[in-house]
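These notes are about the structure you will find just below.
Throughout, protein chains are lettered first and strands after them, A, B, ... in sequence-line order, and every chain is numbered starting at 1. A quick note: this is a predicted structure, and the numbers were derived from the prediction, not measured.
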Amino acid sequence: MTDVAMSAPTNHAPLIAADGVPLKLKLARTTRRMKWRAFLLTVPLVLFLLIAFVMPIGEMLYRSMHNPTGSNVMPQFSVAIQDWDGEGLPSEEIFKIFVEDMTAAKKNREVGKTIGNLATRVNYEIPGSRSLFTRTARKTKNIKEGPYKEALLALDQKWENPVLWRTLQRVSKDYTLAFYLAATDRKYAENGDIVSADPLYQIYLPILFKTIWMSALITLFCFIIAYPVSYLLSTLPLRTSNLLMILVLLPFWTSLLVRTSAWIAMLQTQGVINNIMVYLGVITDESRIQMIYNLTGTIIAMVHILLPFMILPLYSVMKTIPPTYMRAARSMGASGTYSFIKVYFPQTIPGIAAGTLLVFILAIGYYITPALVGGSDGLLISNLIADHIKKTLNWSLGAALGTILLVVVLVFYWIYNKLVGVDNLKFG
Amino acid sequence: MLEKTKTPGFIALLVATLLFLILTRSFAGTFGFLIVFGIPYFAMNDLPPYATLQEKIGKYAFLSVCTIIFIFLILPILVIIPLSFNAEPYFTFTEGMMALDPSAYSARWYADILRFGMTDPDGTENWWNDMWNNATWIRAMRNSFFLALVSTLLAVVFGTLAALGLSRPEMPFRSLITSLLISPMIVPLVITATGMFFFYGRTMQGIIPGYENGLAQTYLGLTLAHATLGVPFVIITVTATLSGFDRSLIRASQGLGANGWTTFTKVIMPLITPGMISGALFAFITSLDEVVAVIFLADVDQRTIPRQMFSGLREQISPTILAVATILVLMSIALLTTVELLRRRSERLRGLSPG
C-alpha cells in the first residue's frame with residue numbers, strides 16, 4: 001500500500017479513496033490509530049508500574065538528597081543561619097533565634113521534629129556531638145534574656161567552635177549531598193572542603209567494590225560450570241536432554257530460601273560435606289572446615305542459585321548451532337580444540353553475553369543469601385542498605401547507597417539491552 | 001560391534017572401582033566413584049568410529065565433569081528430604097540415620113509445622129480451630145497463598161494486556177516500554193523494597209480512603225509489591241508465546257466477520273493460554289518465594305513462609321524449616337511438571353516440536 005502511494009507520479013492527482021479522502025492521508029490515519037490501539041493496551045500496566053514501582057524508586061532518589069531534619073526541628077534558625085558568612089561566630093541575633101528554637105524543639109514530641117532527630121543528624125557529620133545537643137536542649141529554657149551568645153557558651157564551651165556552626169548551617173539546608181559523600185566515604189573538612197574520610201572509617205566504597213568483584217567472580221564460576229553442561233544438553237537427543245533439563249529447572253523453580261537452607265545443611269561444620277570428608281578420612285573430626293558464614297559459603301550458594309540463569313541462555317543459543325559446522329572444520333583438517341575455538345565458541349558469544357550479564361546483574365543486588373550464609377565477611381552492599389533502612393534508621397544514607405547501586409545496575413541493564421535486547425529474555 | 005568395543009572399557013572401569021575400594025576402604029566413597037565415572041561410561045556411545053584415543057579420554061572427562069555438575073545442581077535439594085525426617089533436632093545426618101535405623105527417623109518436624117505457635121497443641125477441644133488460627137507456619141502459609149493468588153491475578157491481567165500490545169508490529173516506543181516493564185526483575189529487590197518502604201509507608205499516608213496510615217503493613221501494599229515483581233515474568237512468557245503467533249489468523253477471523261471480542265476469545269486466547277498459565281505460575285512462585293519486600297513492608301501478622309524461614313534460619317535453626325522446605329520442593333516439582341507439559345502442548349499446537 002505504502003509503495004503504491006509513494007511511487008505514484010507527483011504530477012498526477014493523489015489517489016483518492018471511495019469516500020473522497022486522499023489514500024495517503026487515510027493510511028496515515030489508520031496507522032496512527034493502530035499505533036494508539038497497541039499503546040493503549042500497555043497503558044494500564046505502565047500506569048500500575050508507575051505508581052507501584054517507579055514512584056517508590058523516585059521517592060528513594062529524592063530522599064537521598066532531601067533531608068529536612070534541620071528545618072523541621074528548628075524552623076526559624078535554619079532560615080536565619082543561612083545569612084551568616086561563616087566567619088568567626090554567628091551574630092547575637094542568630095544566637096537568640098537558636099536558643100528560642102532549641103527551647104521550642106525541646107517540647108516537641110512529633111516524630112522527626114525532636115532535638116534527638118537533629119542531634120542524630122549532626123552526629124552523622126561530627127561524630128560524638130550528639131550529647132552536646134541533648135545536654136544543651138535541657139538547659140536552654142533557663143536562658144530568659146540576652147546576651148544569648150555568652151549564656152550559651154556558659155552552658156557549654158563547645159559552642160565556641162565555628163566548625164559546629166558551619167555544620168549546622170549545612171544541616172539546615174533541606175537539600176544536601178552529604179549522604180552521597182558519606183556513601184562514597186568522603187566528608188566535609190573543617191573548612192568546608194570535600195575530603196576523603198579517615199581510612200579507618202572507609203566502609204562503603206570497599207564494600208561496593210567487593211560486591212562488584214564478587215559478582216564478577218560468581219559470574220565467572222557460573223560460566224565455567226554452565227558452559228559444558230549447556231553444550232551437553234544442546235548436543236544430546238531431545239528426549240534425553242529434556243530429562244536432564246529437569247535437573248537444571250528444578251533448582252530454578254525451588255524457593256531461594258529452600259536452596260539456602262539446603263546449603264546451610266550441606267556446608268556447616270557438622271554438615272553433610274564435612275561429615276563425608278571425615279568419614280572418608282580426608283580430614284579429621286577436629287579439623288572440620290568452616291565453609292559457611294563466610295565468603296566461601298556465599299559464593300558457593302550464590303553460584304548454585306544463579307546457575308540456571310546462565311545455563312538457560314547458553315543452551316538456547318547452542319541449540320541453534322548446527323553440528324555440521326564443527327564436522328566441516330574437522331574434515332578440513334582442523335584439530336578438535338582448534339575447531340572448537342575458531343568455529344564453535346564464537347557462535348556461542350550471544351549466549352555468553354546474555355548469561356553473564358544477567359547473572360552479574362542479579363548477583364550484584366543479592367540480599368537474602370549473603371544475609372543468611374555470609375557471616376560478617378560475606379556481606380554485600382545490599383545488606384548495608386537494608387541495615388541502614390531497618391536497623392540504624394539512617395534512611396537518607398541507605399537511600400544514597402541504594403541510588404549508587406541502582407545506577408551501577410542500570411548501566412549494566414543498558415549494556416544488556418544494547419547487546420542482547422530484553423525481548424530475548426526467556427525461561428525454559 | 002558396540003558390545004565388543006565397550007568390553008575393555010568396562011573391565012577398566014571395574015578394575016578402577018576395585019582399586020578405589022581397596023585404597024580408600026570405604027563403600028560410600030566407592031559408590032560416589034561409581035556414579036562419577038560409571039554414568040559417563042554408559043553415556044559414551046555416540047562417538048564416531050574414527051575417534052582417537054585422545055578424543056575418547058576427552059569425551060570421558062567431559063561427561064564426568066557434567067555428571068559432577070548435575071550432582072552439584074540437584075544434591076542440595078535432594079539432601080534436605082531425608083534430613084527433614086531426622087529424629088534429632090539437627091541439620092545433619094546422625095549415625096542412626098546412616099545405619100538406616102528406623103528409630104532415627106521421625107515425622108515429628110512435620111507435626112511441628114502444625115503445632116508450633118498453637119495455644120494448646122495437646123488439647124483435643126477445638127484443635128483444628130486452634131491450629132488454623134494460631135499455628136505460626138499455618139498462618140504463614142495462608143498469608144503466602146493469599147498474597148500469591150491475588151498478586152498473580154493482578155500481574156496476569158495487566159501483563160497479558162500489555163504483552164498483547166507489545167507484540168503488535170505497530171507498537172510505538174517498544175524497546176523503551178519493554179525495558180520499563182521488565183525492570184522490576186532487574187532492579188535489586190532491596191532497592192525496590194526500600195522505595196516501597198518510603199513511598200507506601202509515608203507518602204501514601206491519607207491518600208487512599210481506608211488506609212490512613214499508608215500501605216505499609218497492609219495486605220494491599222504487599223499485594224501491589226508482589227504483583228509488580230510478577231509482571232516481568234508474565235510479559236516474558238506471553239510475548240514468547242505471541243512471537244510464533246500467525247497474525248494472519250486475526251485477519252482471517254475478521255475477514256470471516258468476527259468482531260474484535262470474538263476474535264480475541266475464539267482465536268487469540270486459546271493460543272496464548274499456555275503462555276499465560278506459565279507466566280501465572282512464574283508470577284505465583286515469585287510471590288511465594290519473595291522475602292525482601294515482606295521484610296520491609298509486612299507486619300508480624302503478615303509473615304509469609306519464606307519470611308518465617310528467614311527468621312528461623314537466623315534465630316533458631318530447627319529441622320521444621322527442612323520439613324517446610326521439603327513440602328516446598330514437592331510443590332516446585334508439581335509446578336515444574338505443569339509448566340513443562342504446557343510448554344510441550346503449546347509447541348505441539350504450533351507445530352514447533354516433534355513431541
Side-chain angles (χ1 to χ4, degrees), chain A residues 31 34-35 38-39 41-42 44-45 48-49 52-53 55-57 59-60 63 225 228-229 232 247-251 253-259 261-266 268 270-272 275 279-280 336 361 365 367-368 372 382 385-386 389 398 402 405-406 409 413 417 422-423 425-426 428, chain B residues 24 26 28-29 55 62 65-66 69-70 73-74 76-77 79-80 83 91-93 158-159 161-162 164-166 168 170-172 177-179 181-182 184 186-191 194-199 203 224 228 236 240 285 289 291-292 306 309-310 313 321 325 328-329 332 335-336 343:
Chain A
T31 327
M34 279 165 80
K35 270 189 179 170
F39 182 69
L41 282 170
T42 61
L45 182 59
F48 175 76
L49 284 190
F53 178 71
M55 280 167 73
I57 288 183
E59 165 129 21
M60 186 193 75
R63 273 184 189 253
I225 296 178
V229 170
L232 180 75
L247 299 184
V248 177
L249 287 176
L250 184 60
W253 278 91
T254 307
S255 163
L256 186 75
L257 267 295
V258 171
R259 284 184 281 169
S261 32
W263 277 111
I264 293 177
M266 294 280 286
Q268 60 180 330
Q270 297 297 323
V272 176
N275 277 358
Y279 183 75
L280 290 180
I361 290 172
Y367 167 65
I368 295 300
L372 285 175
S382 295
I385 297 174
I389 305 292
L405 176 62
L406 182 67
V409 168
Y413 185 40
N417 223 337
V422 272
D423 327 11
L425 217 55
K426 271 191 202 103
Chain B
T24 61
S26 130
E55 278 175 333
F62 168 72
V65 167
C66 285
I69 295 170
F70 279 120
L73 269 169
I74 208 75
I77 294 170
V79 137
I80 56 171
L83 274 182
F91 251 42
T92 183
F93 287 104
F158 285 129
L161 271 183
L164 283 170
L166 284 177
R168 290 195 176 194
E170 62 272 11
M171 177 72 199
I177 292 181
T178 316
S179 334
L181 301 186
I182 301 293
I186 297 294
V187 173
L189 278 169
V190 166
I191 292 177
T194 302
M196 287 172 172
F197 175 75
F198 293 143
F199 187 72
T203 313
L224 290 184
T228 307
I236 289 169
I285 202 98
D289 194 19
V291 50
V292 184
M309 289 177 82
F310 183 78
L313 286 172
I321 292 170
L328 289 181
V329 168
S332 341
L335 285 176
L336 171 64
R343 193 177 57 83

Taking B:Ile74, B:Leu73, B:Val65 one by one, which has the highest count of heavy-atom pairs under 4.5 Å against chain A? B:Leu73
Taken to the nearest 0.5 Å, the spacing of A:Ile57 CD1 from B:Ile191 CD1 works out to 7.0 Å
Which portion of A:Leu406 sits near chain B, non-hydrogen atoms under 4.5 angstrom: both
A:Thr42 side chain reached by B:Met171 side chain, heavy atoms, under 4.5 Å: yes
Top of B:Val79, B:Val187, B:Thr178, B:Leu313 for chain A proximity - count of heavy-atom pairs under 4.5 angstrom: B:Leu313
Select one option (side chain, backbone, both, neither) describing which atoms of A:Phe48 are under 4.5 Å from chain B's heavy atoms. side chain
With only heavy atoms counted, which part of B:Phe198 is less than 4.5 Å from chain A, the side chain, the backbone, both or neither? both
How long is the straight-line distance from CD1 of A:Ile389 back to CZ of B:Phe197, given to the nearest 0.5 Å? 6.5 Å
Heavy atoms of B:Pro76 and A:Trp263 approach each other most closely as CG-CZ2, 3.4 Å
For chain B, find which of A:Val272, A:Leu41, A:Ile225 contributes the most heavy-atom pairs closer than 4.5 angstrom. A:Leu41
Can you tell which of A:Val409, A:Ile385, A:Leu250 has the highest number of heavy-atom pairs within less than 4.5 Å of chain B? A:Leu250
Which atoms of B:Ile321 come close to chain A, meaning under 4.5 Å heavy atom to heavy atom: side chain ones, backbone ones, both, or neither? side chain
Counting heavy-atom pairs under 4.5 Å to chain B, which of A:Met55, A:Met60, A:Arg63 comes out on top? A:Arg63
Heavy-atom check, side chain of B:Leu181 versus side chain of A:Leu49, under 4.5 Å: yes
Checked B:Ile177, B:Leu83, B:Thr228 vs chain A; the most non-hydrogen pairs under 4.5 Å come from B:Thr228
Measure the CD1-CD1 distance between A:Ile264 and B:Ile80 for me, rounded to the nearest 0.5 Å. 11.5 Å
Tell me, do B:Val291 and A:Tyr367 make a side-chain contact under 4.5 Å, heavy atoms counted? no
Stepwise side chain to side chain donor-acceptor pair (under 3.5 Å) check, B:Thr92 with A:Gln270: CA-CA 7 Å; B:Thr92 183; A:Gln270 297 297 323; over 6 Å; no
Side chain to side chain, B:Pro306 and A:Leu256, heavy atoms closer than 4.5 Å: no
Atom OG1 in A:Thr254, atom CD1 in B:Ile77: separation rounded to 0.5 Å? 4.0 Å
Using a 4.5 Å cut-off on heavy atoms from C-beta on, say whether the side chain of A:Thr31 contacts that of B:Glu170. no
Is there a side-chain contact between A:Ile368 and B:Phe310 in this structure, where contact means two heavy atoms from C-beta onward sitting under 4.5 Å apart? yes
Taking all non-hydrogen atoms of both residues, which atom of A:Ala386 and which atom of B:Val190 are closest, and how far apart? N-CG1, 4.3 Å
Region of A:Met266 in contact with chain B, defined by heavy-atom distances below 4.5 Å: side chain
Residue, of B:Leu166, B:Thr194, B:Leu224, B:Leu164, that accumulates the most heavy atom pairs under 4.5 Å with chain A: B:Thr194
